[in-house]
Protein chains: 12
Amino acid sequence: MRKKILVIHGPNLNLLGEREPEFYGKTSLESINKKMSDIAEKNNIVLEIYQTNYEGEIVEIIHKKRTWADLIVINPAAYTHTSIAVRDALLAVKIPVIEVHLSNIYSRESFRHKSMISDIALGVISGFGEESYFMALDAAKKIIFT
Amino acid sequence: MRKKILVIHGPNLNLLGEREPEFYGKTSLESINKKMSDIAEKNNIVLEIYQTNYEGEIVEIIHKKRTWADLIVINPAAYTHTSIAVRDALLAVKIPVIEVHLSNIYSRESFRHKSMISDIALGVISGFGEESYFMALDAAKKIIFT
Amino acid sequence: MRKKILVIHGPNLNLLGEREPEFYGKTSLESINKKMSDIAEKNNIVLEIYQTNYEGEIVEIIHKKRTWADLIVINPAAYTHTSIAVRDALLAVKIPVIEVHLSNIYSRESFRHKSMISDIALGVISGFGEESYFMALDAAKKIIFT
Amino acid sequence: MRKKILVIHGPNLNLLGEREPEFYGKTSLESINKKMSDIAEKNNIVLEIYQTNYEGEIVEIIHKKRTWADLIVINPAAYTHTSIAVRDALLAVKIPVIEVHLSNIYSRESFRHKSMISDIALGVISGFGEESYFMALDAAKKIIFT
Amino acid sequence: MRKKILVIHGPNLNLLGEREPEFYGKTSLESINKKMSDIAEKNNIVLEIYQTNYEGEIVEIIHKKRTWADLIVINPAAYTHTSIAVRDALLAVKIPVIEVHLSNIYSRESFRHKSMISDIALGVISGFGEESYFMALDAAKKIIFT
Amino acid sequence: MRKKILVIHGPNLNLLGEREPEFYGKTSLESINKKMSDIAEKNNIVLEIYQTNYEGEIVEIIHKKRTWADLIVINPAAYTHTSIAVRDALLAVKIPVIEVHLSNIYSRESFRHKSMISDIALGVISGFGEESYFMALDAAKKIIFT
Amino acid sequence: MRKKILVIHGPNLNLLGEREPEFYGKTSLESINKKMSDIAEKNNIVLEIYQTNYEGEIVEIIHKKRTWADLIVINPAAYTHTSIAVRDALLAVKIPVIEVHLSNIYSRESFRHKSMISDIALGVISGFGEESYFMALDAAKKIIFT
Amino acid sequence: MRKKILVIHGPNLNLLGEREPEFYGKTSLESINKKMSDIAEKNNIVLEIYQTNYEGEIVEIIHKKRTWADLIVINPAAYTHTSIAVRDALLAVKIPVIEVHLSNIYSRESFRHKSMISDIALGVISGFGEESYFMALDAAKKIIFT
Amino acid sequence: MRKKILVIHGPNLNLLGEREPEFYGKTSLESINKKMSDIAEKNNIVLEIYQTNYEGEIVEIIHKKRTWADLIVINPAAYTHTSIAVRDALLAVKIPVIEVHLSNIYSRESFRHKSMISDIALGVISGFGEESYFMALDAAKKIIFT
Amino acid sequence: MRKKILVIHGPNLNLLGEREPEFYGKTSLESINKKMSDIAEKNNIVLEIYQTNYEGEIVEIIHKKRTWADLIVINPAAYTHTSIAVRDALLAVKIPVIEVHLSNIYSRESFRHKSMISDIALGVISGFGEESYFMALDAAKKIIFT
Amino acid sequence: MRKKILVIHGPNLNLLGEREPEFYGKTSLESINKKMSDIAEKNNIVLEIYQTNYEGEIVEIIHKKRTWADLIVINPAAYTHTSIAVRDALLAVKIPVIEVHLSNIYSRESFRHKSMISDIALGVISGFGEESYFMALDAAKKIIFT
Amino acid sequence: MRKKILVIHGPNLNLLGEREPEFYGKTSLESINKKMSDIAEKNNIVLEIYQTNYEGEIVEIIHKKRTWADLIVINPAAYTHTSIAVRDALLAVKIPVIEVHLSNIYSRESFRHKSMISDIALGVISGFGEESYFMALDAAKKIIFT
């Protein structure tokens, strides 16, 4: 049976490409999603991708996919630093999680240095622009096939 | 006229029974709600029960029931520790509030030790599993009938 | 072409007039909105006004109006102190922002002294009741016409 | 064999009824103890109740009753926030503990927000006046009979 | 009888126009004072304006005008963040106070984020350049005539 | 009827005269008590003086004398900085309290700078050696006779 | 030769009697000074009394009287909590200092709990209203005559 | 004349052997005391050993033995981290002190990392189980005989 | 010309495979280095790999390779959290840096959460075991060829 | 044209020579000023030297000399650690500043470790007694002539 | 087979005897090492002793001896408080560790109160001068032979 | 006999001239050393200059030169903020120390504001580029010849 990966983009990521390009690059989210789907296709992985600006909706996406997904790739964006609800949802479903950030969160405002997710994630990738996502897929592939 | 209690379950509580049973027990939310309804019935109390994963929806449930409810029993779950919006909603409606937690929040991660609700609640019950809710109903009964 | 101002009211402000009048005054939100519309009308400014209790919806209103609005007047209420998502949305759209508070946030609980928005706002007005909004419109007028 | 519960009242609780009634209510400790004994009687539980103003004596009561008690209901009052000795005594005897407070400790001075006992207690009940004790007995009953 | 407003400019504001124009704008203090006097004139308000670089002199101006002034508009500049003496003077005279800042103090060094005055002021206006003063007068007018 | 003052000396004060004379002086506690009794006598005040090394006993002395004493002069010594129990006892009995220290607690280890009693005391006298007690009696006299 | 005491009143104390009487009492500074002079007279002590609202002037008074005064009684008021300059002046002249406060600074805002003077003072008297000064004179008398 | 050592065991140590053996080992206090007496005997040292659960009693034991003891070996247990009274007693009697802990206090809860005694002790031994006491006696022997 | 990558392993990484396998996995450093060399080979990249336990030596390796390397992949291990010297070396040479960790540093002791390198790195990869290095090479390849 | 240096001595420096010689040395301020004038003379530099105990006056001296001075040598003494007003004055005039301290401020009370001036100064010299000033002049000479 | 103990002396200990004798005593390191060797000899234990001033070298000594040593006695000196690298080396080799200090680290500068080693050590001995080492050997002997 | 000064340059200073010239200037270390040697020559002082990137080597240089040097001029660079080992070495040898920094450490990252050396140095010079060293030599000369 094919392996399944859930990808979740947090708030404001729908504006990617036009939002603060010095931090987030110039590629649109659609373009990143397309590339991720291609990578998944090539590796025989099923991918479902969601973007939402609602903390509660991230929680519900995780809930709904909890028996479906083999691994979660999540960029919780602003909710990275404040959301215990997303943390609790991830703790509840017990699926391995890779945390991804486009920008290097450690070189920005100090309130972005603390993540509510990192300590329960399998691993963290931060600062490689869109490449962060592809690296995550790459790592995910090796994790779910071993 | 019959007294009315509003019960609000916060984020991730819909997963009760399958989510981290070492903290939250093995009973489902439906089962807890059923038992609460039975207790209410026996005590001639009207009960309305809501669960939501959205901070904003908790705020709106409180608003909508503000002239209906005589008392609120709330388990704000993850929002306990972060939501000033829920605090403000409770402050706005001025209905007595009982704060309830299934797990003992004081024996977990330090960010769970601080509640944004406790200081404006009438009382707090934490750590008795589903029993926490029944104890809250019991206390509520005595409060609204005196 | 007429200038356009986006006004956003955060959580619990829909209860204005009945909610803690010692902090927020006795005027309803409708009445304030009406007066703002009148002021806008007189100054040949187009006004769109939103109120929501959802953090995610504030983010989306800002997104949707990002090519329309010349300036944003926002009272993020409880989200003032906790929302990096709203901050990020404002950073993303790069429209000048005026932060408004009905009550004097500095004379209340210490967690209300810190704003996640103030340092990226053009200016802050706090404590003048409904007048805070009208002062904001007044300042906005001068900013967008110069 | 009948189940046995040890009840410990900490410092200043002997003044109950005349001491700061806005926090602690107007009932005397004798009256609360009487009601607890009645509840125990009805539930076929043996109850022993102690009050002391000495930290060391709380430690010794716990020691002495360590093979007798099936559960401890304790209101450590002022020692809640400072006593590692009482914590160590409870850790040493390994009997389930319910922590009880008459007043809502979270709405008072900040040094009362931290409990040295909560994280090792089974559960915490705070803010329901004398009812806090009866709720504790109620919960205790269910715990020791399952 | 005509209403009276006392305006106090704190240290370094005499250099306005040449001092760090990126924060404080290019207008001189004289020019701002002139515009304020015009606004006062039009609204039939008597205005007295003082600038001093001495903390002690701010205290004494407040003392001397304590039976004369109906409202104080103060920009305490550097003393905003350090002066308990000015705070005490304002507390002593019990005249309503509007705190004004040319620059947005929240977007500068962290020691400028804390004001010793804000919590006892009626309201705070920060970041609108010279306009901050005119908005303060506007608000003052409505406050002293109601 | 003659006025009555309760004097309480906290832990280690029984060693006065031989204990760290650079902080506490060379006079014995007996000698200080004798002088206090003389002063009381002259002013027609009844004095009862206690010294104890037990936190719990301070609590109980306060309880026992709660209907007898018109004012309490207390030097809680080491318990000054740690005892919520003594604070609660003083809060419970609602008798005016004067806090006294032989040494200047502000010029010693930083953990001695914080008092759990000062904010609920009528006044504090610190650093005048045995004279601190006599000054307290002097102040007490004026307070209880007005 | 007659002994000499320098008395310094800090900022805002000139308003005594009309300023926040719940903290500072209803007596005027003149009346307190008069009573102090009478006490001094009776004890054959020369008294010089100054009040200033300027931190710099307190420094200079201390300098000018440094060879004249045998003891300094100072109520630095607001400067208590912020002035290293006054501290340095007192350190420089090496005259024994008694710190006096009318109100109990420990029961007010937290920034009033810290004194820059206490650790270098001989002793501190706080909270006895005008009596604080007379107690200080009394203590001073004993110190300078031994 | 034979040298004399005072040994003090703090609260809960009477339960040694049955209390949390993973931290404190399985030996009883009696057995440790017996071994210490044997060691003392062999080295021609007089030993007096006390155990108490009362902070105040530790203070009084130190007082009573202050002219008798040449050295104090103390395991203040829970009072290690909270008792200024015990610290003051040790400071008062000026006898060299060795601080002993059965468990390694640095590898437990963070509130056990701070000792109120260590900085005034001659030395500290922590983590060697009952052996900690024997090492202390060994060190004590060398200290008092040189 | 072929691109060149400098790989630096910090202290204790030479023990890889036998050191705490629950954090660092069971592969030896030699094996990881071999795999990295293979990847480099395939991508036509020159690789130099160093391991040292000396902070100073990391500094000097960076210095020596400063004109040679196009990119640095560094796992500073323990020095991640303490070394300003390594940070300064990286700042001095101005070569893009990728920070790599085998274990998830955010789920371990709190002193491992802070990195002295992250804010000046291009990106950070943490928690994927040996895979972290291969992901870094992969990202490096894309960075140096664009 | 000859270069011009403004020298400012802060509060209490007028007492130099008699004030705490263990920190500040035994030379008088006059003597230091004389030596500085000689050095200036030799280097063909015009020197103006001020001493004041008023924070406001330091601000005004800086203002008055803002078009005259090529460089400022300032020893703000006590105001070093508290004065945002002096900082703002220096920021306003944009003249290079050398901060000078007679004593080593880093080896004294912790509140002297933080300077409000250092981060905006060109350089800092601390701890060399009167020599600190001469070193500053020496450095100043090189700076203003290059 | 004979048991083997590795002894490591950290930085600056080579100066023992001439370095700050008030903290470290007057005995040279050679003399201490000699006495340790004698004790080992008598107890049929093989001892290897190293001193180094390099953090990296401590790490490497631990590595090299990791299959040889049965127990490590280490005085990490200055590295006690800063070295995660030494901590990691000790964690990696999993040999029981005894931490030793000549001086009482708790009675010195506050940055010496925190040890990066204590929580992973078997036990800690601090403050007994050279005797600390001999006590460690004594304890080591009992540990490795049981 | 000629006086002798030991100059120590810490890590990364060997890159001077090419490393971050905005902070450290464009002169090479060789050039600075040359100028220092010339100054020494002229003043009949013997100079030995070392640069190392190893913390341990700084310690050993200090040890080796401890009977040779009359004064140490040290720029500990990155180790300024972290090295207790260097501090201990300087404390051990008791030679007067001048701390030197090329850049103004107070205007950079906050972790550079704290020096582990300043409080034990004779004086500190920071921010004058290469001139900092020459000023140090100048001060050194006066110190060692008096």
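Summarising the local packing, NZ of B:K26 is surrounded by 12 or fewer heavy atoms from other residues, nucleotides or ligands at distances under 6.0 Å. By the 6.0 Å contact criterion, NZ on B:K94 is enclosed, its count of non-hydrogen atoms from other residues, nucleotides or ligands being greater than 12. Counting non-hydrogen atoms of neighbouring residues, nucleotides and ligands closer than 6.0 angstrom, the NZ atom of A:K142 exceeds 12 such neighbours.
In this structure, the side chains of A:Y54 and B:E55 stay at 4.5 Å or more apart for every pair of heavy atoms. Taking the side chain as every heavy atom from C-beta outward, B:R112 and A:I84 approach each other to under 4.5 Å. Residues B:N53 and A:I58 fail the side-chain proximity criterion, which asks for heavy atoms closer than 4.5 Å. Within the 4.5 Å cutoff, no side-chain heavy atoms of B:N14 are placed close to those of A:E60. Side-chain contact check for B:E109 versus A:R87: some heavy-atom pair is nearer than 4.5 Å.
Under a 3.5 Å cut-off, the side chain of A:D88 and the backbone N or O of B:N12 do not form any donor-acceptor pair.
With a 4.5 Å cut-off on non-hydrogen atoms, A:V93 touches chain B through its side chain but not through its backbone.
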